[in-house]
Amino acid sequence: MSQAYEHLSIEKKWQDIWDAEQAFKADDSDLTKPKFYGLIEFPYPSGAGLHVGHPRSNTALDIISRKRRMQGYNVLYPIGWDAFGLPTENYAIKNNIHPEIVTKQNIDHFREQLKKIGFSFDYSREVNTTDADYYKWTQWIFLQLFKKGLAYKSEIAINWCTSCNVGLANEEVVGGVCERCGGEVIRKTKSQWMLRITDYAQKLLDGLEDVDFIEKVKTQQRNWIGKSQGALVKFNVPEYNDNLTVFTTRPDTLFGATYMVISPEHPMIDALGSKIKNLDVVLAYREEAQKKSDFERTETAKDKTGVVLEGITAVNPLTNTLIPIWVSDYVLMSYGTGAIMAVPAHDERDWAFAKKFDLPIIEVVAGGSVQEEAFTDIQSGTMVNSGFLNGMSVAEAKKAIIEYLTEKGIGEAKVNYKLRDWVFSRQRYWGEPIPLVYCEKCGWVPVDEHELPLRLPHTDDFIPTADAQSPLAKLEDWVNTTCPKCGGKARRETDTMPQWAGSSWYFIRYVDPHNTDVIADKEKMNYWLPVDWYNGGMEHTTLHLLYSRFWHRFLYDIGVVPTKEPYLKRTSHGMILGENSEKMSKSRGNVINPDDIVAEIGADAFRMYEMFMGAFDQAIPWSTKGARGCRRFLERVWRLQDIIKEEPITQERESMLHGMIKKVSDDIELMKFNTAIAAMMTYVNDIYRLGSISKEELKTLLVLLNPVSPHITEEMWELMGFEGRLYQTAWPICDETKLVKDEIEIVVQICGKIKAKLMVPATIDKAGMEKLVEENDTVKALVAGKEIKKIVAVPGKLLNIVAI
RNA sequence: GCCGGUGUGUUGGAACUGGCAGACGAGACGGACUCAAAAUCCGUUGUCAGCGAUGGCGUGUGGGUUCGAGUCCCACCACCGGCACCA
């Protein structure tokens, strides 16, 4: 009898051995070997410790990485810490502990937890975004962006979280509230560092064509970038010494433009000043609109408001009629030109506005009934009331009108994106200092690159100032400096970078984490980049994933990295819900702590259950009972030691074994871990039914199971006296010829109903199948006395006889 | 409103290019072992009718295509995720 399966001692033993043997160190010594770079999103080391969600992604890529090593690849599977950020800072403020200390404690805790689960990370390449040796390069990248004009300071209305006291990027505002804390977000005008991600909109869109991302991710990024093709059209406003330019995707409807609308923040209002007869009303409306947060604006989306500019009109350039100009907050200053031409007949918003304020609706595309509702179909309509466009389709009219406008100099084709520039400043302490100084004479001047890293100065006062400035602003000694250009007096930028900075390029640093001269060695980058497989959460699709693609593409453009895209393949895991099918959270009291599970059933069973619980990309409720089922399975595997017997390997056994090899190998590649594990369970069930297993069969099973449950398999490998370490053993290859059987079972149906099952030779063809109707007694009995109308024969599968 | 996804036993979920629905796990029930319990092992477990062999029904709803539909097509319902006054 085998000893009991003691997971605690076994797991500790092998984790120590792997550490001592540096089993999972990526090899930089031979850069010609086939490589595999697997990546998971490096964790934010929060005080709460590891969550059961982390291991889902980690285990999945751990399985793939372990399998790749066994397949002979040089594997890089690294880990690091995304450690700057608000939660740590808030914790530090609350408990009066320096964030540096908190961060170190949390990282140590996380590392210990991860090691206990047995991930095959190359810990020698750990990176930490709060390390000066690391953020030196984060700052360096920022300076390159600055030098190329992609970083600029702007006085803009930003999203301001009233609870974190910090500015937010558009991507960080979710449903009108702060993505991180759920606090109310208002508009606030502040001078902020911005990154011109919009310059990269087209490149980011095009890049999606060349990568293997799950379709969901591509679609979400495309929607977020939001490309739309249209035209700019200039409208003459006699009272204004400038034209009023609009962006429209429907230049074909220009003849139907019966009024214009500008956003409340539009500069034309200030330029016209008292020429607007009801200026006081207009300014009051502007003030009212500015008070609203974005959230309130969208909430009142259906009920349109607005005021007309009295005494001001615009000229429709095609009809030469005078049309009124309105101000309304449904037109956003931040998109297009902040002004639109309103075509109520063919746009739902304009239609609603026209109905409310009783403005004329002129049909220019026939096909609907525009007095009842806006007709927006662009496929079927024909142009009417549109002069030279009459009779054309919408597509033809679009082309013709753009040509006409261009020729006359009153318009041009134009592409617009919904994507906005990235607000890059944070008024907080725990982030990378922005390496710029402000000099009265020279303006914004970058810190000399040799001065990097610009270290975050030590302070115990992390609270933002009363006027919502970073705590760094209080450190006068640090702030006051000299201008690197002219040597005169200068002040440092006191805002810090957002959390997304450090995580936008960490996968590059993993390639060469200890390099002190360059961001990473060229040859190493040529070898390891791009990341072959990146798994992470859907919630990062329009944040981290887009930002890091932007930075990477920029680094490619300036010749720093060798590839346009950072990630070849992107997959995504589903969330793990609480046992009550609700999102896990402290307040709901349904949080499962991985430590408890690992202690009770072991890391091997925990890993297995995380993969077995359901489809990898779907949200699944946790079930501790289900997890215990995986533990039971591992015990059954363990006890296979007791039924080892050397017997001749029958065809049935060979077929079982190779069927499992194929299923497990294929399913892991497709991330169908649940069915891969089920195949191993089925195999073990069959083995117990047969009553014995040979050493060779057990050997193969251990190899296949190793990526999922590495400790128990390595222990059994040693107990069985197999050669070397299991983690260094080659992955088995399915011998397809072993799957072929002499006889196979087919199904006999009468009118689609299953009536019998027959064993037939595996080589049977269609004619042979059809002959069964006359030659096989079972089939003959089924059709006796019936008239056969049709015979459908699928060789090796089924025979369906239509007979009455 | 738009885009994407999902809907299968008591339950988590399987089902390759249309071909045996419910693999594998959980739970439940029955049995063996035990003084007893736990653990383990064996068996049963979609539903209705029948002692039974067997037969009817069954993959959100309603239609359709097909010898054959969970899978394909049309219409609809419910839930989840993303975007949303983007001109």
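Within every chain, numbering begins at 1; the chains are lettered A, B, ... in the order of the sequence lines, protein sequences first and strands thereafter.
Distances shorter than 4.0 Å separate some side-chain N or O of A:Arg632 from OP1 or OP2 on B:A26. The side chain of A:Arg222 contributes no N or O atom lying less than 4.0 Å from OP1 or OP2 of B:C3. In this model, the phosphate group of B:G25 is not approached by any side-chain N or O of A:Ser623 to a distance below 4.0 Å at OP1 or OP2.
Summarising the base pairing, B:G43 is matched to B:C29 through a Watson-Crick or G-U wobble pair whose two defining distances lie under 3.5 Å.
Within the nucleic acid shown, A:Lys625 comes within 4.0 Å of sugar-phosphate atoms alone, with no base atom in reach, counting heavy atoms only. Looking at heavy-atom distances under 4.0 Å, A:Ala342 makes no contact with the nucleic acid at all.
Nearest-nucleotide assignment on RNA chain B puts the 5′-proximal partner with A:Asn223, out of A:Phe616 and A:Asn223. When each of A:Met341 and A:Glu635 is assigned the nucleotide of RNA chain B with its nearest heavy atom, A:Glu635 is the one assigned upstream, toward the 5' end.
One C1' atom belongs to B:C24, the other to B:G13, and the distance between them is 9 Å to the nearest Å. Taking the C1' atom of each, B:G7 and B:G22 are spaced 16 Å apart, rounded to whole Å. When the C1' atom is compared between B:C57 and B:U8, the two are found 15 Å apart, to the nearest whole Å. Rounded to the nearest Å, the gap between the C1' atom of B:U47 and that of B:G9 is 9 Å. Nucleotides B:A26 and B:A75 are separated by 38 Å at their C1' atoms, to the nearest Å. Rounded to a whole angstrom, the distance from the C1' atom of B:G64 to that of B:C80 is 29 Å.
Judged by a 6.0 Å distance limit and a 45° cone about the ring axis, A:Lys304 is positioned over the six-membered ring of A:Tyr330.
With B:U6, B:A23, B:A87 as the choices, the nucleotide that has an atom nearest any side-chain atom of A:Phe247 turns out to be B:A87.
Using modelled atom types, one finds a donor on one side chain and an acceptor on the other under 3.5 Å when comparing A:Glu41 with A:His540. With 3.5 Å as the limit, one finds a donor-acceptor pair spanning the side chains of A:Lys227 and A:Gln202. A side-chain donor from one of A:Tyr335 and A:Ser228 sits under 3.5 Å from a side-chain acceptor of the other. The closest side-chain donor-acceptor pair between A:His573 and A:Asn535 falls under 3.5 angstrom.
Checked against a 6.0 Å centroid threshold, the rings of A:Tyr259 and A:Phe353 count as neighbours.
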Can you build the contact string for nucleotides 15-21 of chain B? Use B for base contact, S for sugar-phosphate-only contact, and - for no protein heavy atom under 4.0 Å.
SBB-BBS
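For B:G82, the base adopts the anti conformation, since its glycosidic angle falls more than 90 degrees from zero.
Remark: the A:Lys304 side chain and the B:C85 base include a donor-acceptor N/O pair separated by less than 3.5 Å.
Of all heavy-atom pairs spanning A:His658 and A:Leu739, the tightest one is C-CD2, 3.6 Å.
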